[in-house]
Amino acid sequence: MRPRENYTPFITAGLSLTLAILATFQVYIWREPTRIQAVEVADRLAAETAGRNLYADNCAACHGENGEGKTGPALNSQQLLKATADEMLFNLIRTGVPGTTMPAWGQSFGGPFTDEQVRQSVAFIRAWEPTAPELTEEVAAPDPGHGAMIFANTCRICHGENGQGTDRAPALNDPVRLKEFEDAWYRSTIAHGRPAKGMPTWGTVLSPAQINDLVALLAAWREGQTVTPIIPFTRHLSNALFAVRQFDQLDAVFYLSAALTQANSQQAEEIQVALDLIKGNHLAEAEARLVGLLPPEEMGKELFATNCAPCHGADGTGGLGKTLHNSRFIQSKGDDELIAFLLAGRRGTAMDGFEDILTPEELSYIIGLMRTWQK
Ligand code: HEC
Ligand code: HEC
Ligand code: HEC
């Protein structure tokens, strides 16, 4: 008879091994979330650090060193950060805000940043949230006049002058239709769009503040009001000056009357004199008055300060953008070529075109200023 084989030691050893493996595995399973968390934290910190450098080099000039806001709005703000998800920030930074000085940063939109760099910028801005101040007073109330300006640049092409509709898109100014829906519905319709039906998604292109301005415009139309776009005082004046030089009295009177509504008392007196001169057909004298109100150097300086200085420095000696003093590029180009360059911008860099922002007339003042910086 074969002796009965004794398997017990093997079974015991096998069982212990299994238990040991299970135990290890369980410890692993138990520790995995902590490990993933640790990796995530490390990733986030790395992204924040990279984002901090990108921010200092590219954004601080307009949004302030600590996001407190300068020519661009404050980003270090509870209101903004609470209301704006990462995805929205990502899109805003990638596409920029058309019609404002906020450039497109994403490479797919002609800017210098990879998607990864945009994500890093978002991580850096997001890290402010826990300590961000409440900036209630500084949040501008929605403004139908701003809305009308955005509408003219962005929506008019499909929805028509004053929202009266075209063959491309329905009317938006019908008070009966407007009363069917509340502001919140319009805010969401504009933000999401109806891409399948030809209404673009504006939430990735316009800022929340701009969409609120558009909703305020629709609210004014709901009440049957007409809203005129806010146009800068200096633009009315430069348009009037242009009209006077073209001997177009009607236009000149129109633009000066518009400028009058924004003028201080001293400017108003001068404009009144110019208006009388134009009506009396003394165009040369009227032109001299207007030039007095709008000396080209002053005009150039003012336009440069708001539109170019954030990147090229207050005196044009450079910052994020190159110095514009003794520039071979500027010296080698005629005024018309420079205007074309400034309207179009330079793809793949932070130098966005000013197509929707400045008129050729306004650019020519800036070019006049830049010419004084050449040897
Ligand atoms: C030349 C000036 C300028 C530069 C440089 C600039 N911005 Fe802006 N940015 C603006 C302006 C102006 C706005 C407001 C646009 C508007 O009216 O909606 C803005 C808006 C924004 C907003 C939306 C804020 C809001 O309240 O809706 C974000 C986010 C933002 N910028 C991030 C950035 C980041 C990140 C960078 C750098 C990579 C940057 N900006 C560089 C001018 C600038
Ligand atoms: C490329 C053309 C186009 C542009 C630009 C455009 N829209 Fe539209 N929009 C449409 C079309 C088409 C519809 C109708 C969609 C449908 O049939 O549901 C529409 C519908 C709408 C509606 C819903 C109207 C209703 O009563 O149902 C609103 C609100 C609106 N657009 C606002 C805007 C605003 C604000 C802008 C500018 C930021 C804008 N649209 C720019 C094409 C456009
Ligand atoms: C958001 C930042 C920004 C703003 C705002 C901006 N620029 Fe620039 N600009 C740049 C950058 C960056 C370059 C360099 C692009 C490159 O790398 O080729 C540049 C290049 C230029 C150049 C070409 C210089 C050369 O030697 O190639 C001119 C001219 C210029 N800018 C003028 C202007 C004027 C005028 C304005 C205002 C109307 C303006 N820029 C606003 C960032 C900006």
Side-chain angles (χ1 to χ4, degrees), residues 51 54-55 57-63 67 69-75 77 79-80 83-84 88-93 96-103 105 111-113 117-118 121-122 124-125 139-140 146-147 150-151 153-159 163 166 168-172 174 177-178 180-181 185-190 193-194 196-200 202 205-211 213-215 217-218 303-304 306-312 316 318-324 327-330 332-333 338 341-342 345-346 348-352 354 357-358 362-363 366-367 369-370:
L54 289 169
Y55 184 89
D57 292 345
N58 298 288
C59 323
C62 291
H63 291 286
K70 275 164 100 175
T71 57
L75 302 177
S77 128
Q79 274 78 10
L80 174 76
T84 319
M88 178 92 195
L89 285 176
F90 181 87
N91 283 324
L92 271 168
I93 296 169
V97 183
T100 75
T101 51
M102 170 67 185
W105 294 94
F113 283 13
Q117 288 173 312
V118 176
S121 310
V122 172
F124 175 66
I125 292 170
V139 174
H146 269 142
I150 302 163
F151 191 90
N153 286 336
T154 318
C155 323
R156 185 180 52 184
I157 181 163
C158 290
H159 287 287
T166 67
R168 255 169 277 147
L172 294 178
D174 170 16
R177 171 85 179 158
L178 284 164
E180 279 178 42
F181 300 99
W185 183 86
Y186 277 105
R187 198 171 293 121
S188 143
T189 303
I190 296 168
R194 293 184 196 139
K197 296 196 167 157
M199 165 69 179
W202 294 106
V205 178
L206 299 173
S207 70
Q210 288 182 307
I211 292 181
D213 289 340
L214 285 165
V215 172
L217 172 69
L218 295 181
L303 289 166
F304 189 87
T306 39
N307 294 285
C308 323
C311 294
H312 289 284
L320 161 61
K322 302 181 178 182
T323 175
L324 301 173
S327 151
R328 266 209 226 127
F329 180 84
I330 293 172
S332 70
K333 301 241 174 312
L338 280 177
F341 168 77
L342 293 171
R346 189 177 283 159
T349 75
M351 179 65 199
D352 255 4
F354 283 84
I357 302 176
L358 294 173
E362 287 169 323
L363 287 171
I366 296 178
I367 291 169
L369 174 69
M370 294 196 299

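In listed order, ligands and their atoms are each counted from 1.
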Side chain, backbone, both or neither: which applies to M199 and ligand 2 if a contact is any heavy-atom pair less than 4.0 Å apart? both

R346-ligand 3 polar pair, N/O distance under 3.5 Å: yes

Among protein heavy atoms, which lies nearest atom 32 (C) of ligand 3, and at what distance? L342 CD2, 3.6 Å

Have a look at ligand 1 and work out which part of T84, if any, has a heavy atom under 4.0 Å from it: side chain, backbone, both or neither. neither

Within 4.0 Å of some non-hydrogen atom of T349, the atoms of ligand 3 are 15 (C), 16 (C), 17 (O), 18 (O)

When the ring planes of Y186 and F181 are compared, do they come out parallel, tilted or perpendicular, using 30° and 60° as the limits? perpendicular

L75, portion touching ligand 1 at heavy-atom distance under 4.0 Å: side chain

Could you list the atoms of ligand 2 found under 4.0 angstrom from a heavy atom of W185? 27 (O)

Among C62, P73, G67, A83, closest by heavy atom to atom 2 (C) of ligand 1 is C62

Tell me, which protein residue and heavy-atom name are nearest atom 1 (C) of ligand 2, and how many Å apart are they? C158 SG, 2.8 Å

Counting from 1, what ligand 2 atoms have a heavy atom of A169 closer than 4.0 Å? 10 (C), 11 (C), 42 (C)

Among protein heavy atoms, which sits nearest to atom 38 (C) of ligand 3, and what does the distance come to when rounded to 0.1 Å? C308 SG, 2.6 Å

Is I150 touching ligand 2 with its side chain, its backbone, both, or neither, if touching means heavy atoms under 4.0 Å apart? neither

Using modelled atom types only, decide if a donor and an acceptor are shared between the side chain of H312 and the backbone of T323 within a distance under 3.5 Å. no

N, O or S of H63 under 2.8 Å from atom 8 (Fe) of ligand 1: yes

Where does L303 meet ligand 3, judged by heavy-atom distances below 4.0 Å: at the side chain, the backbone, both, or neither? neither

Quick check: of its N, O or S atoms, which one does H312 have closest to atom 8 (Fe) of ligand 3? NE2

Would Y186 count as being in polar contact with ligand 2, using the rule that some N or O on each side must be under 3.5 angstrom apart? no

The atoms of ligand 1 lying under 4.0 Å from a heavy atom of N58, numbered in the order shown, are 5 (C), 37 (C), 41 (C)

When distances are taken from atom 3 (C) of ligand 3, the protein heavy atom at minimum range is C311 SG, 2.7 Å

Please find out if atom 8 (Fe) of ligand 2 and some N, O or S atom of C155 are separated by less than 2.8 Å. no

Atom 34 (C) of ligand 1 [closest protein heavy-atom partner, distance rounded to 0.1 Å]: C59 SG, 3.4 Å

Who's the nearest protein heavy-atom neighbour of atom 26 (O) of ligand 3, and how far? F329 CB, 3.4 Å

Below 4.0 angstrom from a heavy atom of R194, which ligand 2 atoms are there? Numbered from 1 as shown, please. 15 (C), 16 (C), 18 (O), 23 (C), 27 (O)

The protein heavy atom nearest to atom 33 (C) of ligand 1 is M102 CE, 3.3 Å

Of all protein heavy atoms, the one nearest atom 42 (C) of ligand 2 is G198 O, 3.2 Å

In ligand 3, which numbered atoms sit nearer than 4.0 Å to a non-hydrogen atom of P103? 1 (C)

Verify the neighbour count for atom CZ of R168: are there more than 12 heavy atoms of other residues, nucleotides or ligands below 6.0 Å? yes

Going by the order shown, which atoms of ligand 1 are within less than 4.0 Å of some heavy atom of I93? 32 (C), 35 (C)

At the 4.0 Å heavy-atom cut-off, does M370 count as touching ligand 3? yes

Hey, which atoms in ligand 2 end up nearer than 4.0 Å to a heavy atom of P200? 3 (C), 4 (C), 6 (C), 7 (N), 43 (C)

Yes or no: does A61 have any heavy atom under 4.0 Å from an atom of ligand 1? no

Which of the ligand 2 atoms, numbered from 1, are nearer than 4.0 Å to a heavy atom of R168: 12 (C)

What is the closest protein heavy atom to atom 11 (C) of ligand 3, and at what distance does it sit? G321 CA, 3.7 Å

Under a 4.0 Å heavy-atom limit, does Q210 contact ligand 1 with its side chain, its backbone, both, or neither? side chain

What do we get for Y55 next to ligand 1 when only non-hydrogen atoms under 4.0 Å count, side chain, backbone, both or neither? neither

Among non-hydrogen protein atoms, atom 29 (C) of ligand 1 lies closest to L89 CD2, 3.6 Å

Ligand 2 to L172, heavy atom cutoff 4.0 Å, flagged ligand atoms 22 (C), 24 (C), 28 (C), 29 (C), 30 (C), 32 (C), 33 (C)

Compute the shortest N/O to N/O distance between R177 and ligand 2 and return yes if it is under 3.5 Å, no if not. yes

